[in-house]
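Just so you know, ligand 1 is whichever comes first in the structure, and atom 1 is the first atom listed for that ligand.
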Amino acid sequence: MQKYGGSSVADPERIRRVAERVVTSAGRGGPVCVVVSAMGDTTDELIRLASQVSPGAHPRERDMLLTAGEQISIALLAMAIADLGREAVSFTGSQAGIVTDTAHGRARIVELRADRVRDALAAGKVAIVAGFQGVSTALDVTTLGRGGSDTTAVALAAALGAGACEIYTDVDGVFTADPRIVPDARKLAALSYEEMLELAAAGARVLVLRSVEYARRSGVPIHVRSSFTDADGTWVRGEDVLEQAIVSGVAHDTGEAKATILGVPDRPGIAGRVFRPLADAGISVDLIVQNVSAAGRTDISFTLPRDSLAQAEPILAELAASVGADGYACDRDVAKVSLVGAGMRSDPGVAVEMFEALAEAGINIEIISTSSIRVSCVVRAGEAERAVQVIHDRFRLGEGG
Ligand code: ADP
Ligand code: ASP
Ligand code: MG
């Protein structure tokens, strides 16, 4: 199983190069199934196009529009492979039997009926499947959320019993930090599913969170590697007892916003009342802090995806009124910076070092949250990149480490 991301198929030349790669692996014998993303920035452009035509949300039609991006790449890749003398057949998500729930824009795969893909592979053809899309139990076209082609690939790898899922992208693997921000970031040879889950949740977009969840559940190893070289990339698989770095990497997420409900009456049941309507609206809240109460009132702050703000604001307004709070405030100008490592479980000093590194750089921490293998801090958006760099330096994660 191989998956090629948008930048790997961004133009005709690159599509032909991917075709060559695929034909080479098919030449080694064994079935080859390929998942592809939309070319380059196609998905972003389609989203922009929709907003130019209509301000509305139109979830069903938006999915219809966005799935067109991946349909272009599967057809073009199939043509390029055929030109190299290898039989290839393209499938939309629906044709590949990727059945999802009906949550447009963030659908979950509920079943895989990959018979057509299996038949094509059995007939010696290369099967090319459109990433990021499926068909709902109500027979509508759905998308799996941004970056969802990774999930398509892992799900198909599991269904087809592939030994591994190769994710080809524009970097050499998973690094100790985003190599675009930290030039001396180091490529990791291997990571556990748990570490990768935390990195993905913390914003390292090299693998989408759901694909890692799916891989862990189904036990499919993932190999993240460059589509431009033959070098080994990064393996993500079950926990390796031998090599447990205390800290494996730093991630940042600039896609979040902070909301605060001000002056909430401090009494039992309030947190449930505050977060229930947000959960019901499908808005995933991440870091939460509740301040110490003064005179029976407290502020509750939390982060949420910035693109859910428009949906969240009316809910917050109503909420603040109904629980008798003083009001609410939203702040788009934040970012989350996280440090992840399996060895943190047994080393209490790690979080403190991270706070000290930020303090020495004069970066204020607004919210802190921890899990057993992650520490996250919310900082001003403009300071996120510097925060990643100073933390990366502090833990000597780089090449010189
Ligand atoms: P694709 O189009 O192949 O799916 P993405 O843009 O979704 O590619 O993901 C690859 C990008 O993820 C890289 O270009 C890199 O900038 C970014 N990235 C963020 N954090 C990391 C990390 N820790 N290791 C590697 N890449 C990272
Ligand atoms: N094309 C989709 C996106 O840009 C899916 C993907 O690339 O994985 O989010
Ligand atoms: Mg991606």
Side-chain angles (χ1 to χ4, degrees), residues 2-10 14 18 35-48 62-63 65-74 93 98 105-107 129-134 142-155 165-189 191 195-212 222 224-228 233-234 236 247-255 307 335-341 384-385 388-389 391-392 397-398:
Q2 308 184 347
K3 177 257 172 177
Y4 293 89
S7 48
S8 308
V9 292
R14 290 192 186 184
V18 167
V35 169
V36 258
S37 294
M39 295 170 67
D41 296 329
T42 303
T43 308
D44 291 323
E45 280 157 20
L46 291 173
I47 291 172
R48 207 171 314 125
R62 187 178 150 109
D63 277 357
L65 177 71
L66 295 191
T67 49
E70 269 70 13
Q71 277 187 56
I72 294 172
S73 13
I74 53 168
I98 297 170
R106 53 183 163 90
V129 178
F132 173 60
Q133 56 176 260
T142 50
T143 61
L144 310 179
R146 297 307 305 268
S149 298
D150 297 340
T151 314
T152 306
V154 171
C165 182
E166 293 185 298
I167 303 279
Y168 287 93
T169 183
D170 58 356
V171 286
D172 293 340
V174 181
F175 283 71
T176 49
D178 186 340
R180 284 176 214 288
I181 289 178
V182 181
D184 81 326
R186 195 166 36 83
K187 187 180 80 186
L188 298 161
L191 270 107
E195 289 166 301
M196 193 63 230
L197 275 176
E198 294 281 5
L199 280 174
R205 69 175 200 285
V206 61
L207 282 178
V208 81
L209 178 60
R210 277 189 189 174
S211 70
V212 189
I222 301 179
V224 181
R225 56 194 304 192
S226 166
S227 60
F228 308 119
T234 302
V236 181
V247 167
S248 43
V250 189
H252 67 292
D253 188 342
T254 48
D307 57 14
K336 182 176 70 176
V337 178
S338 309
L339 183 66
V340 173
E385 295 196 0
V388 171
Q389 287 154 356
I391 298 166
H392 195 266
L397 296 174

Taking only Lys NZ, Arg NE, NH1 and NH2, and the carboxylate oxygens of Asp or Glu, determine whether Asp150 and Arg205 approach each other closer than 4.0 Å.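 Result for this pair is no, no salt bridge flagged.
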Between Val206 and Val224, is there a side-chain heavy-atom distance shorter than 4.5 Å?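 A side-chain contact exists here, since the closest heavy-atom pair is under 4.5 Å.
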Take Thr143 and Asp63, measure what side-chain hydrogen bond (donor to acceptor under 3.5 Å, both in side chains) needs, and give me the verdict at the end. CA-CA 6 Å; Thr143 61; Asp63 277 357; 2.7 Å; yes
With the threshold set at under 4.0 angstrom, would you say [X] reaches ligand 1 through any of its heavy atoms?
X	result
Ser8	no
Ala177	yes
Lys3	yes
Ser149	no

Heavy-atom closest contact ([X] atom, [Y] atom, distance):
X	Y	value
Ile181	Gln389	O-NE2, 2.9 Å
Asp172	Ser226	OD1-CB, 3.3 Å
Phe228	Asp170	CE1-CA, 3.8 Å
Ala177	His392	CB-CD2, 3.6 Å
Ala200	Val212	CB-CG2, 4.5 Å

Report the C-alpha separation of Glu70 and Ser37 in whole Å, then their side-chain angles, then the decisive distance to 0.1 Å, and conclude whether the side-chain contact (heavy atoms from CB on, under 4.5 Å) test is met. CA-CA 5 Å; Glu70 269 70 13; Ser37 294; 3.9 Å; yes
With atoms numbered from 1 as shown, which atoms in ligand 1 lie under 4.0 angstrom from a non-hydrogen atom of Thr169?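 Those qualifying, in numeric order: 1 (P), 3 (O), 8 (O), 10 (C).
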Find all atoms of ligand 1 within a distance of less than 4.0 Å from any non-hydrogen atom belonging to Val174, and give their numbers and elements.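 Result: 24 (N).
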Give the intermediate values and the outcome of side-chain contact (heavy atoms from CB on, under 4.5 Å) for residues Ile47 and Arg146. CA-CA 11 Å; Ile47 291 172; Arg146 297 307 305 268; 3.4 Å; yes
Do Phe175 and ligand 1 have an N or O pair less than 3.5 Å apart?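 Yes, since at least one N or O of Phe175 sits under 3.5 Å from an N or O of ligand 1.
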Are any of the N or O atoms of Gly6 closer than 3.5 Å to those of ligand 1?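 Between Gly6 and ligand 1, an N or O pair is found under 3.5 Å apart.
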Which protein non-hydrogen atom lies closest to [atom], naming both residue and atom, and how far is it?
atom	value
atom 13 (C) of ligand 1	Asp170 OD1, 3.5 Å
atom 15 (C) of ligand 1	Asp178 OD1, 3.4 Å
atom 7 (O) of ligand 1	Arg205 O, 3.6 Å

N or O contacts of ligand 2 with protein under 3.5 Å, please list pair by pair.
from, atom 1, to, atom 2, distance (Å)
ligand 2, 1 (N), Thr43, OG1, 2.8
ligand 2, 1 (N), Glu70, OE2, 2.7
ligand 2, 4 (O), Thr43, OG1, 3.4
ligand 2, 4 (O), Arg146, NH2, 2.9
ligand 2, 7 (O), Ser37, OG, 3.2
ligand 2, 8 (O), Gly147, O, 3.4
ligand 2, 8 (O), Gly148, N, 3.4
ligand 2, 8 (O), Ser149, N, 3.0
ligand 2, 8 (O), Ser149, OG, 3.1
ligand 2, 9 (O), Arg146, NE, 2.7
ligand 2, 9 (O), Arg146, NH2, 3.4
ligand 2, 9 (O), Gly147, N, 2.8

Holding to ring-ring contact (aromatic ring centres under 6.0 Å, His included), I want the full list of residues that pass it with Tyr4, two or more places apart in sequence or in another chain.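 So Tyr4 forms a ring-ring contact (aromatic ring centres under 6.0 Å, His included) with Tyr168.
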Out of Gly173, Ala185, Ala200, Ala204, whose heavy atom is nearest to atom 25 (C) of ligand 1?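 Closest candidate by heavy-atom distance is Gly173.
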With side-chain contact (heavy atoms from CB on, under 4.5 Å) as the test, would you mind laying out the steps for Leu397 and Val250 before giving the verdict? CA-CA 9 Å; Leu397 296 174; Val250 189; 3.7 Å; yes
How does Arg180 reach ligand 1, if at all, at less than 4.0 Å between non-hydrogen atoms: by side chain, backbone, both, or neither?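 Just the side chain.
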